[in-house]
Asks: 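Pasting in a structure now, in structure tokens, and then I'll have a few things to ask.
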Amino acid sequence: MEAVRRHPVLITIAAVAATIVIAFAGTGVAVWRAAHTDDASTIEHVDAILVLGAAHGDPSPVFEGRLEHARLLYEEGRADTILVLGGGAPGDRTTEAEAGREWLVSKGVPSDTVVASPVGSTTLESLEAAAAWMSERGMKSAFLVSDPWHNLRIKRMASDLGLQAYASATWHSAARTEGTRFGGYLRETLAYVYYRLFGR
């Protein structure tokens with residue numbers, strides 16, 4: 001008590017700092033737990049599979065891993081529609097969504113079941129476009145396919161947009177080394193906190 005009376009400002013600063021550290025640590029644990037949870041293990045069927053883009057022009061190995069996971073979910077009968085998300089940048093040959101759709105069709109997925117949504121330069125913008133597209137067709141539930149450490153944030157975004165969102169990530173497209181995985185968890189912890197604070 002004496003220390004508090006003598007140094008109230010320092011004590012307040014220390015308390016705030018401790019609260020921030022605890023909040024970040026708790027978020028980091030939540031990101032890690034979400035990364036290791038596959039909702040497809042408990043949810044049998046959804047209206048659509050949403051594949052988050054990760055390419056400019058042709059699909060990158062990371063994007064191909066996501067697309068392959070979506071193809072497997074489709075072949076298991078887990079959804080009747082695959083919606084590939086992602087816009088393009090100036091100079092790109094095509095958009096993430098269109099490149100992803102072409103890849104899936106080339107692997108034998110029926111063309112009338114794969115839809116490209118070439119909208120958005122951020123995850124939130126792409127999900128907003130997907131939610132609008134699904135709403136127009138009476139669709140509500142979706143598997144979200146991305147890398148594991150994205151699970152917590154993209155589920156929150158999709159839920160905030162009115163979707164019944166379930167994450168089914170692929171480790172095949174994710175970073176293999178412990179160092180790069182740690183970087184992924186750290187970035188997503190910061191990104192999730194930023195989204196919760198600012199909504200973007």
Side-chain angles (χ1 to χ4, degrees), residues 27 30-55 62-63 65-88 95-101 104 109-110 112-171 173-174 184 187-200:
T27 301
V31 168
W32 186 90
R33 293 183 63 181
H36 291 80
T37 300
D38 184 1
D39 291 330
S41 65
T42 57
I43 303 298
E44 290 295 324
H45 192 272
V46 294
D47 295 324
I49 300 165
L50 308 186
V51 187
L52 280 296
V62 169
F63 196 16
R66 299 178 188 181
L67 294 167
E68 175 64 15
H69 187 68
R71 184 184 70 82
L72 292 174
L73 288 172
Y74 172 80
E75 290 186 348
E76 291 174 357
R78 312 301 286 277
D80 299 324
T81 301
I82 301 177
L83 187 60
V84 189
L85 313 183
T95 64
E96 296 173 335
E98 291 163 339
R101 182 182 184 280
L104 286 167
V109 180
D112 59 347
T113 65
V114 188
V115 179
S117 177
V119 179
S121 58
T122 67
T123 299
L124 182 58
E125 289 173 354
S126 294
L127 286 172
E128 286 172 340
W133 186 90
M134 290 179 64
S135 177
E136 291 170 359
R137 290 157 180 79
M139 297 180 174
K140 295 182 179 179
S141 59
F143 283 132
L144 308 177
V145 178
S146 187
D147 289 343
W149 32 81
H150 299 159
N151 284 356
L152 185 68
R153 182 167 58 98
I154 61 177
K155 280 184 68 174
R156 180 72 192 205
M157 286 178 171
S159 297
D160 288 346
L161 292 169
L163 296 179
Q164 297 171 14
Y166 307 103
S168 184
T170 173
W171 287 94
S173 71
R187 286 192 302 274
E188 277 304 305
T189 297
L190 296 172
Y192 184 79
V193 170
Y194 183 88
Y195 172 72
R196 291 305 306 274
L197 289 175
F198 304 107
R200 302 303 299 174

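All values below were derived from every heavy atom in this structure, side-chain atoms included, with hydrogens, water molecules and symmetry-related copies excluded.
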Asks: A side-chain contact here means heavy atoms from C-beta on lying under 4.5 Å apart; do V51 and L67 qualify?
Replies: yes
Asks: If you look at every heavy atom in G88 and T95, which pair is closest and at what distance?
Replies: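 That would be N-CG2, 3.9 Å.
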Asks: Is the closest side-chain heavy-atom distance between L50 and M134 below 4.5 Å?
Replies: yes
Asks: Would you say E125 and V119 make side-chain contact, with heavy atoms under 4.5 Å?
Replies: no
Asks: Would you find a donor on one side and an acceptor on the other, under 3.5 Å apart, between the side chain of R101 and the backbone of I82?
Replies: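 Absent.
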Asks: So, for L83 and A130, which heavy atoms are closest and what is the spacing to 0.1 Å?
Replies: CD2-CB, 3.7 Å
Asks: Once rounded to the nearest 0.5 Å, what's the spacing between atom OG1 of T37 and atom CH2 of W32?
Replies: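 Separation between the atoms: 8.5 Å.
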Asks: Roughly how far, to the nearest 0.5 Å, is CE of M139 from CD of Q164?
Replies: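 So the CD of Q164 and the CE of M139 are separated by 13.0 Å.
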Asks: Taking the side chain as every heavy atom from C-beta outward, state whether T81 and D47 have any pair of such atoms under 4.5 Å apart.
Replies: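 Not in contact.
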Asks: Measure across S141 and V46 and return the closest heavy-atom pair with its distance rounded to 0.1 Å.
Replies: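 What the structure gives for the nearest pair is OG-CA, 3.4 Å.
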Asks: Out of curiosity, R156 CZ to Y195 OH, how far, rounded to the nearest 0.5 Å?
Replies: 7.0 Å
Asks: Nearest 0.5 Å, what's the CG-CG distance between L52 and L127?
Replies: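 The distance works out to 5.5 Å.
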Asks: Specify the closest pair of heavy atoms between N151 and A35, including all atoms of both residues, with the distance to one decimal.
Replies: ND2-CA, 3.8 Å
Asks: Closest approach of V84 and G100, non-hydrogen atoms and distance?
Replies: CG1-CA, 4.0 Å
Asks: Tell me, do E128 and L161 make a side-chain contact under 4.5 Å, heavy atoms counted?
Replies: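 Yes, close enough: below the 4.5 Å cut-off.
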Asks: Taking all non-hydrogen atoms of both residues into account, name the closest pair between A158 and A165 and its distance.
Replies: CB-CB, 3.5 Å
Asks: Quick one: are W171 and D38 in side-chain contact, heavy atoms under 4.5 Å?
Replies: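 W171 does not reach D38 side chain to side chain.
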Asks: Quick one: does R196's side chain get under 4.5 Å of V193's, heavy atoms only?
Replies: no
Asks: Please check if the side chain of H69 supplies one atom and the backbone of G65 the other of a donor-acceptor pair under 3.5 Å.
Replies: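 Side chain of H69 to backbone of G65, a donor-acceptor pair under 3.5 Å: no, none is there.
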Asks: Please check: side-chain N/O of R66 versus main-chain N/O of V145, any donor-acceptor pairing under 3.5 Å?
Replies: no
Asks: So do W149 and T189 actually touch side chain to side chain, heavy atoms under 4.5 Å?
Replies: no
Asks: So does S168 get a backbone contact from the side chain of D39, meaning a donor-acceptor N/O pair under 3.5 Å?
Replies: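 Absent.
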Asks: Test side-chain contact (heavy atoms from CB on, under 4.5 Å) on T123 and M157 and set out the steps.
Replies: CA-CA 9 Å; T123 299; M157 286 178 171; 4.0 Å; yes
Asks: Rounded to the nearest 0.5 Å, what separation is found between the OH atom of Y192 and the OG1 atom of T27?
Replies: 7.0 Å
Asks: Can you name the residues that form a ring pair (Phe, Tyr, Trp, His ring centres under 6.0 Å) with H45, not counting sequence neighbours?
Replies: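 Ring pair (Phe, Tyr, Trp, His ring centres under 6.0 Å) check on H45 returns nothing, list empty.
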Asks: From F143 CZ over to I43 CD1, what is the distance, rounded to the nearest 0.5 angstrom?
Replies: 6.5 Å
Asks: Is there a donor-acceptor pair under 3.5 Å between the side chain of R153 and the backbone N or O of E188?
Replies: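 Side chain of R153 to backbone of E188, a donor-acceptor pair under 3.5 Å: no, none is there.
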Asks: Any sub-3.5 Å donor-acceptor pair from R71's side-chain atoms to L104's backbone N or O?
Replies: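 Absent.
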Asks: Can you confirm whether more than 12 heavy atoms, excluding those of R137, are under 6.0 Å from its CZ atom?
Replies: yes
